[in-house]
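Inspection log for the structure reproduced underneath, given as structure tokens.
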2 protein chains.
Amino acid sequence: MTGNLNDRSRQILKAIIENYIATAEPVGSRTITRQQGVNLSPASVRNVMSELEELGLLSSPHTSAGRVPTDRAYRFYVNTLLKVGSVSDDHEEQLLERLPLQGGDASRILRETSRMLSSLSRYAGIVLAPRFTENVLRHLEFVKLGGKRLLAILVTEHGIVHNKLVEVQEEISSEELVRMSNYLNTLLQGLPMTEVRRRLIEQMQSDKITCDALLDRALRLSKQALAETEADLFIEGQATFFNQPEFSDTARMKEIFRAFEEKGQLLELLDRSLAADGIQIFIGSETNLAPGGMSVITSVYRSGARKLGVIGIIGPTRMGYASVIPIVDYTARLVSRLLHSGEQRLPAVM
Amino acid sequence: MTGNLNDRSRQILKAIIENYIATAEPVGSRTITRQQGVNLSPASVRNVMSELEELGLLSSPHTSAGRVPTDRAYRFYVNTLLKVGSVSDDHEEQLLERLPLQGGDASRILRETSRMLSSLSRYAGIVLAPRFTENVLRHLEFVKLGGKRLLAILVTEHGIVHNKLVEVQEEISSEELVRMSNYLNTLLQGLPMTEVRRRLIEQMQSDKITCDALLDRALRLSKQALAETEADLFIEGQATFFNQPEFSDTARMKEIFRAFEEKGQLLELLDRSLAADGIQIFIGSETNLAPGGMSVITSVYRSGARKLGVIGIIGPTRMGYASVIPIVDYTARLVSRLLHSGEQRLPAVM
DNA sequence: GTTTGGCACTCCAGATTCAGGAGTGCCAAC
DNA sequence: GTTGGCACTCCTGAATCTGGAGTGCCAAAC
């Protein structure tokens, strides 16, 4: 339905959107005529604006204000009008310099990624750490903490460490622990977590094991240790929302920060991004976030063929899509390379 | 100098402070007279208020507004006027129910503590995790991640896990790793980190070691893995600041959230708390935080004689000290017990 | 001498009014 | 189809006004 827009209408819509993104003020017909490349009178522009409003692409806060783009307009803008360039040299340089942290384990890199995303985009950066269950197990270890408490430590392929406390009925000696560890690592190393779980159950039912009380116990403990952990979500640069005039309203801000603290809705959104692939753009109401007026741009990072997690940016709908999209895209690819085992060192070219 | 306040002045000051805490509005003389227990005319109260203002305990926003307590008044209030009760039954119950997480490792407990502090106090909860260097080493492990990358995993006495990526010059076989691990654990287990560091250096200089290339390497790797990590600070419930009328100003809010994101100043404050002991109260400018008008109440949690970290609450200077102080105090003691090794189970009595 | 009622004074908060300006919509002319 | 003109709308910010809450001070009462 927006396909039947002629060139002129598109040009004007684009100008309005970009103007609004830059100023946060409703855009009037006169402002557009002053735009270079538009040789029309304000009256003509008004005619076009009027059509665009009927198409649901523009709305006016009140009779005598200018026009403001609707979510739909932004959607049309990113789908059709916007040609996304590549990341700026300066941004690229900053990323390449600051992201490959010396001796940075995966979680440090991810946290820093979140900061970088925020600092480059001037919006808030979000990073969803790899879902534990989506990973390949590298190493499993039980450490005695004292008494009957064991700390189960699981290390994934990419060096992400999860730990969980388990309690045992009777104390286990260090020697037994070592035997358990060896057995479990032999059994499970290199398997994806989903497979690990399957294998554990399978093994528990096998005859060999039911005879060996210790190994049986090992299996049960591992199963406990595998219990789902809450997803790790980093959000950095929330304070950038204070810079946006459309959020000067305190009630609005409160809603936003509440949403950030609860994380639930955001996680749901990021899960959707993870299920999809590549760059995802959610505009305004498409985000399903309770506080409206926000957009989210995400991209999946991966290790080879396996998707690991999601990085992205959250900001006002009135967002500088043109610059943010390449940042998210480039960063996701960089993170993928940094986490891909054996490529810790800075890649020469992308 | 505030010692020469007579009973009546104290009573009035107390009433003003508590009224202001409850309403966030400047308190007038008439409001005080309505207070039960005060049988004075507004005029008399005004005389007293005038004295209190001269003593620097009250200030008036403008001629015809009521009075507002100064930082100094709050200080006098918590030092002298306030008699701190114990935590309410309801709060106690909630803490005992929700804090001893099933299978919760230390970091989960600490994060949950932060949430609980916020939810009980209605301000923001802060938790400084144990400084890595202040801890006793329970276990040290190297996991091969692929290529020449090793993940060093250090577990402290209280089940807090730190990990750090280290790179080696040449690949190390699994057998060698095991040997290294055994050697290091025998050498270092049960030592406080400061001691660990010392022992490593000592050992590196010993003759036996220089002969054994592998062990020498193990020592060097451990030293890398021990490098200082950034302090872990949880702040939960930042959104509560939106409920405080004195922070309805956007510029102010922005400053506050920036301070939370940067954490530096807050860490400094918490370090001071850790150096001291027991309940610490920082009022307004005493916090040295850039955004003024905030107070912080902290308490140290410990394991036996060793201080581990700090928990606390941050909110507006106009804070319900009477209820917050017992919350912080009780929670700190509860956390201490939960983390004290071997006492994971819920203690029957405090 | 402490307490109190009275009174003039101050100053804020909110309502009201007003003028200017930016923008629109429509129409008739080009 | 495009444009200039014009009446109309509605927001914004400044200015004004009023009522109320509160103070400070003084003289009278206790």
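Heavy-atom basis, side chains included; hydrogens, waters and symmetry copies ignored. Labels below follow one simple rule: chain letters A, B, ... track the order of the sequence lines, proteins then strands, and each chain is numbered from 1.
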Applying a 4.0 Å non-hydrogen cut-off, can you work out what A/Ala65 is touching in the nucleic acid: base, sugar-phosphate, or nothing? sugar-phosphate
Regarding B/Ser50, tell me which of base, sugar-phosphate or nothing describes its non-hydrogen contacts under 4.0 Å with the strands shown. nothing
Tell me whether the side-chain N/O atoms of B/Ser29 come closer than 4.0 Å to OP1 or OP2 in D/dT23. yes
Give the C-alpha distance, both sets of side-chain angles, the deciding distance and a yes or no for side chain to side chain contact (heavy atoms under 4.5 Å, CB included) between A/Thr80 and A/Arg10. CA-CA 9 Å; A/Thr80 317; A/Arg10 286 167 186 242; 3.4 Å; yes
What is the minimum heavy-atom distance between A/Val38 and A/Gln11, and which atoms define it? CG2-NE2, 4.0 Å
When the distance from CD of A/Glu53 to C1' of C/dG25 is rounded to whole Å, what number comes out? 11 Å
If you check the A/Arg67 side chain, which of C/dG23, C/dG25, C/dG5 turns out closest? C/dG25
Any N or O donor-acceptor pair linking the side chain of A/Ser44 to the base of D/dT2 at under 3.5 Å? no
Winner on side-chain proximity to A/Arg46, out of D/dT3, C/dG5, D/dG5, is D/dG5
Measure centre to centre between the rings of B/Phe241 and A/Phe257, then say whether the value is under 6.0 Å. no
Using 30° and 60° as the class boundaries, would you call the ring planes of B/Tyr321 and B/Tyr77 parallel, tilted or perpendicular? perpendicular
Whole-Å distance, B/Met49 CE to C/dT3 C1', equals 17 Å
Mapping B/Pro42 and A/His62 onto DNA chain C by nearest heavy atom, which one lands closer to the 5' end? B/Pro42
Just the table, please: protein N/O against nucleotides 13-15 of chain D N/O, every pair under 3.5 Å.
none

If you take all heavy atoms of A/Arg67 and A/Ile16, which pair is closest and at what distance? O-CG2, 4.3 Å
From CG of A/Asn19 across to P of C/dG23 the rounded distance in Å is 11 Å
Find the distance A/Ile16:CD1 to C/dG23:P and express it as a whole number of Å. 12 Å
Full working for side chain to side chain donor-acceptor pair (under 3.5 Å) between A/Asn243 and A/Thr240: CA-CA 5 Å; A/Asn243 301 328; A/Thr240 55; 5.7 Å; no
Rounded distance (Å) that lies between atom C1' of D/dG20 and atom CD of B/Glu25: 14 Å
Atom-to-atom span, OH of A/Tyr20 to C1' of C/dG23 - whole angstrom: 16 Å
Considering non-hydrogen atoms only, spot the tightest contact between A/Ser295 and A/Thr317 and give its length. OG-CA, 3.4 Å
For B/Ser50 and B/Asn47: C-alpha separation, side-chain torsions, deciding distance, then whether side chain to side chain donor-acceptor pair (under 3.5 Å) applies. CA-CA 5 Å; B/Ser50 183; B/Asn47 287 333; over 6 Å; no
Is any side-chain nitrogen or oxygen of A/Thr63 closer than 4.0 Å to OP1 or OP2 of D/dT9? no
Between B/Pro61 and A/Pro26, who's closer to the 5' end of DNA chain C by nearest nucleotide? B/Pro61
Between C/dT3 and B/Arg8, is there an OP1 or OP2 to side-chain N/O distance shorter than 4.0 Å? yes
Looking at every non-hydrogen atom in both residues, tell me the closest pair between A/Arg8 and A/Val48 and how far apart they are. NH2-CG2, 3.7 Å
Out of D/dG4, C/dT4, C/dG23, minimum distance to the side chain of A/Ser64 belongs to C/dG23
Atom pair distance, as rounded to whole Å: CG in B/Asn47 and C1' in C/dT2: 9 Å
With distance as the sole test, does A/Glu261 use its side chain to make a donor-acceptor pair with the main-chain N or O of B/Gly237 at under 3.5 Å? yes
Interface polar pairs with nucleotides 28-30 of chain D, N/O, under 3.5 angstrom:
none

Figure out the CD/C1' separation between B/Glu51 and D/dT23, and round it to whole Å. 16 Å
